[in-house]
Amino acid sequence: MDDVRSRAHAPELVGRTADLDLVRSFLDRAADSGAALLLAGGPGVGKSVLLDDACRSAAARGARVLRASGVEFEAEVSFAGLNQLFLPLHDRLADLSDLHRDALTVALGMGSGPAPGRLVVSAAALALLRLATAEGPLLVAVDDLQWLDRSSAAVLGFVARRLEGSCIGFLGAVRSEPDSFLLHAGLPRHDVPPLGDADATDLLRSRFPALAPGVRRRVVSAARGNPLALLELPGSMTEAQRLAAEPLPPSLSLSVRLQALFADRVRGLPPDTRRLLLLAALDGTGDLRPLRAASSGDGWLDELAPAERAGVVHTDTSADRVAFRHPLLGAAAVGLATSGERRRAHAVLADLLTDDPERRAWHLAEAVAGPDERAAALLEVAAHLALHKGDAVRAVRALLRAADLSPRGADRGRRLAEAAYVGADVAGRLSSVPDLLVEARRADPGTGGSLQTAVAAAHHLLNGEGDVDTAHLVLVRGIEDALGRGSAGGVEEALHTLMVVCHFSGRDEPWSAFEAALARLGPGVPPLLSVSGRVYGDPAAASTAELDRLEALVATIDEEVDPVRIVRVAIAAFYVDRLAACRGALWRVVRDGRDGGAAASAVSALMMLCHDAFRDGRWDEAARTAEEGVAWSERLGYRLVALPGLYCLALVAAARGDDEATRSLTDEMVAWAAPRGVMMLGHFAARARALAALGRGDYEEALRLGTSISPAGVLEPHVPVALWTARDLVEAAVRTGRSAEAAAHVAAVQRAAVFRHGPRLALIAAGSAALAAPAEEAGALYREALTSRGAGQFPFERARTQLAFGEHLRRTRATSEARVQLAAALETFERLGARPWITRAAAELHASGLPARAPSGDRDWAALTPQEHEIASLAASGLSNKEIGTRLYLSPRTVSGHLYRVFPKLGITTRAALRDALGPAPRPAAGSGEGSGSSRMSDGAGRRAP
């Protein structure tokens with residue numbers, strides 16, 4: 001129908017399906033037999049948009065549309081609205097009777113004569129509209145009926161009640177206010193409702209996709225379903241406020257349009273009433289006590305009464321509560337006040353809030369007009385309270401405002417330096433650090449030696465430029481100076497940052513300064529710092545007692561509210577197999593960061609969560625989470641923090657056999673890290689490359705990469721990634737015939753208490769021991785590994801152990817048991833999408849005598865003998881004939897002969913086609929968890945696709 005064409009040219013109206021259906025149904029009735037309808041609702045609710053859509057739809061159906069709109073300054077001009085509406089019909093006036101023509105021309109100001117009676121004008125208007133329908137249906141559409149002059153409104157009310165039997169529709173939009181004349185004319189009415197929260201959120205997402213989730217929720221709450229408010233409020237914010245980089249004020253600023261819509265009901269109220277409304281809006285809690293305290297005696301009830309009568313507020317004295325009928329009425333009250341009125345109101349609230357230091361500080365800060373140390377000191381305390389609660393953005397804002405209010409340069413410099421530190425360490429405001437530190441030194445040259453300055457500068461050096469050595473030097477000097485002065489304030493924060501710097505250095509030497517500082521603190525070392533220094537810095541050397549202390553800290557993480565502490569506990573747990581216990585708390589940090597909270601902490605949390613997901617076999621979730629963390633950290637300028645996310649993506653790519661993506665991702669890491677001396681990232685890259693090499697059967701390369709992280713038989717000090725590469729190194733050593741090196745590394749693993757601490761590390765240790773054991777001992781060790789506590793939680797490690805066990809069983813002629821292990825491994829690898837291991841497990845299963853089962857169900861596999869299949873699989877993985885012969889105890893010539901027979905059976909002519917002939921990679925399993933978005937592992941060049 002023609003209505004389809006009208007929809008195609010109309011903007012999409014979110015959440016208005018029912019309203020649109022009702023209006024279009026009305027148009028059908030009007031075109032058939034005449035009808036009238038009023039669209040009623042509050043200002044900005046969307047009446048005009050529905051009216052516009054109706055006019056487009058009616059025109060598309062062939063109807064003639066007459067439009068008019070009430071104008072506030074013409075409300076006293078008789079018949080001004082009727083003149084506007086009937087102007088397009090002036091050529092039809094001659095067709096009216098003399099009585100009706102004369103009445104209308106005089107009423108519309110087109111002729112002279114005695115004033116006509118309203119009844120005659122009304123009848124003439126109806127007659128003129130009926131004449132206009134000679135060419136087809138007619139729609140009369142009038143917006144803002146509440147501002148239409150009374151004479152025109154009366155005529156239109158008369159006309160609208162007498163449309164039955166015509167093909168005329170009357171559609172009006174009117175505010176649902178008590179004095180709206182036509183609301184009492186007895187016409188059919190549809191109250192346009194506010195949007196629901198879900199539709200309001202969808203509207204904001206479509207128009208403001210970059211709006212931070214927390215800001216979006218604040219707008220939804222303030223707009224209360226009003227579409228105009230939803231679209232206008234974000235435009236009144238700064239870019240930093242929209243992105244939650246700066247906190248929103250207690251009362252949102254209104255655009256000119258919103259101010260015009262909501263201020264009218266406040267502007268005309270008595271001054272004392274507006275004063276109380278200003279207090280209520282600035283307080284923002286709905287508590288009546290500030291209003292009562294700000295007035296003498298019981299007069300406040302009388303002062304507030306006009307606002308109640310005007311529908312601005314509702315009071316409940318029994319509950320001591322006051323509420324604005326719409327939140328934006330409170331914002332209008334603030335917007336209408338002068339700066340002096342606002343300062344006086346803030347001063348009143350500050351005097352009343354003696355039991356709430358944080359709110360009192362903010363009100364006092366807004367009440368003063370110049371430097372004020374009392375207000376600055378209270379704001380500094382408020383900043384620390386906000387930081388403890390995880391509101392880093394608010395903490396930075398408080399410190400910056402405190403600096404502005406500081407009379408003394410030394411206090412201003414100190415507060416600016418602390419704002420720089422909190423912004424860099426927690427809030428994700430790395431880019432602001434240089435300017436803040438320059439400003440701090442300008443305020444107080446002595447600020448340059450403060451610990452806050454050192455930590456902020458170190459964060460910028462580490463993340464912005466990757467200068468590990470300079471960051472280390474700055475921190476060590478700052479810590480030594482502070483300890484030399486006998487000041488321990490800020491030392492804990494500085495040492496946590498120094499620990500991270502030492503970790504990324506990947507070298508043993510930088511740790512000596514950290515350990516020396518801990519020794520100088522003596523028994524006063526905070527427990528988390530003491531434990532972290534060991535289990536994060538050198539977990540292979542951690543004692544059982546230290547691991548138990550970590551366990552006690554992890555046990556409290558779900559009750560922790562400070563995101564900084566949550567992240568620090570999780571960092572301590574990262575290498576020692578305790579991240580799963582931190583998962584819920586870390587997701588809380590992420591959600592808070594998405595809502596505009598501690599962004600830097602949230603990025604760090606995402607980086608740990610993606611590795612937690614990879615270890616648990618939730619690879620799609622790992623990729624999604626890593627992608628989010630990488631994008632977020634790069635947007636904030638935290639380049640170093642982004643690289644562990646690339647490391648996780650490289651691990652997923654390696655495990656799934658995407659060598660190109662693995663190579664590209666690790667090359668990117670090494671290219672950034674190597675010139676800067678960030679050796680830990682080199683170790684990360686080596687681990688991912690070693691995993692990829694193991695998958696394709698390049699065991700020499702895997703061994704070379706593994707020993708570049710830590711030599712065989714040694715768990716290198718301060719190289720914690722060596723824990724997670726232990727099994728890979730042992731497997732590569734065994735496969736290359738270096739049994740002594742494999743045994744030495746197993747012994748090193750068994751000496752480390754940490755491998756007895758967590759279930760995954762225990763599985764790695766037991767699986768490594770089984771790989772390196774003599775054939776007569778291996779079976780029992782494999783069974784011990786597979787039945788160890790929690791082994792089933794780690795599907796990839798468990799399946800690799802099952803594959804190795806199956807290979808061992810097949811070679812010792814325990815064929816039936818081998819098939820059980822191999823089939824279980826193959827099923828897990830297929831679910832994970834671990835293509836190289838799928839190929840190996842399928843080849844072993846086929847070699848055990850079972851019919852070939854390609855992941856794709858390719859019938860060509862069945863044409864191969866078990867030995868041909870095994871040789872073809874190894875050749876597809878990239879091994880040369882010599883390497884295949886070494887593994888299978890065959891001569892290279894024999895291998896070549898087998899491949900000569902394999903090619904025609906598979907319908908191929910080249911070695912390069914083997915991989916595809918043996919079946920495509922299975923579809924990856926669906927992920928789960930709290931990450932958002934889809935997995936985007938590779939775009940063909942090994943980089944993350946956009």
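Inter-residue side-chain proximity for Glu366 and Leu282 is flagged as unmet; no heavy-atom pair is nearer than 4.5 Å. Between Phe208 and Arg216, the closest side-chain pair of non-hydrogen atoms is not below 4.5 Å. Counting heavy atoms from C-beta on, the side chains of Phe79 and Val155 come closer than 4.5 Å. Side-chain contact between Asp287 and Arg321 is present, with at least one heavy-atom pair separated by less than 4.5 Å. Using a 4.5 Å heavy-atom threshold, the side chains of Phe324 and Val312 count as touching. With contacts defined as side-chain heavy-atom distances shorter than 4.5 Å, the pair Asp19/Leu13 does not qualify. The closest side-chain heavy-atom distance from Arg64 to Leu89 is below 4.5 Å. Using a 4.5 Å heavy-atom threshold, the side chains of Thr273 and Val266 count as separate.
The closest donor-acceptor contact from the side chain of His90 to the backbone of Leu87 lies under 3.5 Å. The backbone N or O of Asp197 sits less than 3.5 Å from a side-chain atom of Thr201, completing a donor-acceptor pair. A side-chain donor-acceptor contact under 3.5 Å links Gln84 to the backbone of Ser69. Side chain of Arg162 to backbone of Leu126: no donor-acceptor contact under 3.5 angstrom is found. Using a distance-only test at 3.5 Å, with no hydrogens or angles considered, a donor-acceptor pair links the side chain of Thr105 to the main chain of Arg101. Formation of a donor-acceptor pair under 3.5 Å by the Arg29 side chain with backbone atoms of Gly169 is not found in this model. Of the possible donor and acceptor atoms, none in the side chain of Arg267 sits under 3.5 Å from a partner among the backbone N and O of Leu336. Judged by distance alone, the side chain of Asp592 and the main-chain N or O of Ala602 form no donor-acceptor pair under 3.5 Å. Formation of a donor-acceptor pair under 3.5 Å by the Ser236 side chain with backbone atoms of Ser255 is found in this model. Remark: the backbone N or O of Ala80 is paired with a side-chain donor or acceptor of Asp149 at under 3.5 angstrom.
Counted within 6.0 Å of CZ on Arg342, heavy atoms from surrounding residues, nucleotides or ligands total more than 12; the atom is thus considered enclosed. In the displayed structure, Glu239 atom CD is contacted under 6.0 Å by more than 12 heavy atoms of other residues, nucleotides or ligands. The 12-atom threshold is exceeded at CZ of Arg161, counting heavy atoms of other residues, nucleotides or ligands nearer than 6.0 Å.
Ser57 OG to Phe26 CZ: the interatomic distance, rounded to the nearest 0.5 Å, is 11.0 Å. Once rounded to the nearest 0.5 Å, the distance linking CG of Asp53 with CG of Leu20 reads 5.0 Å. The CZ atom of Arg218 sits 7.5 Å away from the CE atom of Met237 when rounded to the nearest 0.5 Å. In this structure, CD on Glu308 lies 8.0 Å from NE2 on His314, to the nearest 0.5 angstrom. Note that CG of Leu276 and CG of Asp283 are 12.0 Å apart. Values are rounded to the nearest 0.5 Å. For the atom pair Arg257 CZ and Leu228 CG, the distance stands at 4.5 Å (nearest 0.5 Å).
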Just do the side chain to side chain contact (heavy atoms under 4.5 Å, CB included) check on Val159 and Ile168 with the steps written out, would you? CA-CA 10 Å; Val159 168; Ile168 303 171; 5.8 Å; no
What do the steps show when you test His190 against Leu38 for side chain to side chain contact (heavy atoms under 4.5 Å, CB included), and what is the final call? CA-CA 6 Å; His190 171 62; Leu38 293 181; over 6 Å; no
Applying side chain to side chain contact (heavy atoms under 4.5 Å, CB included) to Arg175 and Val45, what does each step give before you reach the verdict? CA-CA 9 Å; Arg175 288 188 187 176; Val45 79; over 6 Å; no
Dump the intermediate steps for side chain to side chain contact (heavy atoms under 4.5 Å, CB included) on Leu39 and Val23, then the final yes or no. CA-CA 9 Å; Leu39 300 174; Val23 170; 4.2 Å; yes
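Contact detail for Ala210 and Leu243: the closest heavy-atom pair is O-CD2, 3.5 Å. Residue Val65 comes nearest to Ala59 through the heavy atom pair CG2-N, 4.2 Å, listed as atom of the first residue, atom of the second, then distance. Here the shortest heavy-atom pairing between Leu108 and Leu82 reads CD2-C, 3.7 Å. In plain terms, the two heavy atoms of Leu104 and Ala125 that are nearest each other are CD1-N, 4.2 Å. Contact between Leu145 and Gly172 at its shortest, heavy atoms only, is CD1-CA, 3.6 Å. Scanning all heavy atoms of the two residues, the minimum distance from Pro290 to Leu279 falls at O-CD1, 4.4 Å.
Under a 4.0 Å N-O distance rule, the pair Arg16/Asp199 does not qualify as a salt bridge. Classification of Asp144 and Lys47 as a salt-bridged pair fails, no side-chain N sitting under 4.0 Å from a carboxylate O.
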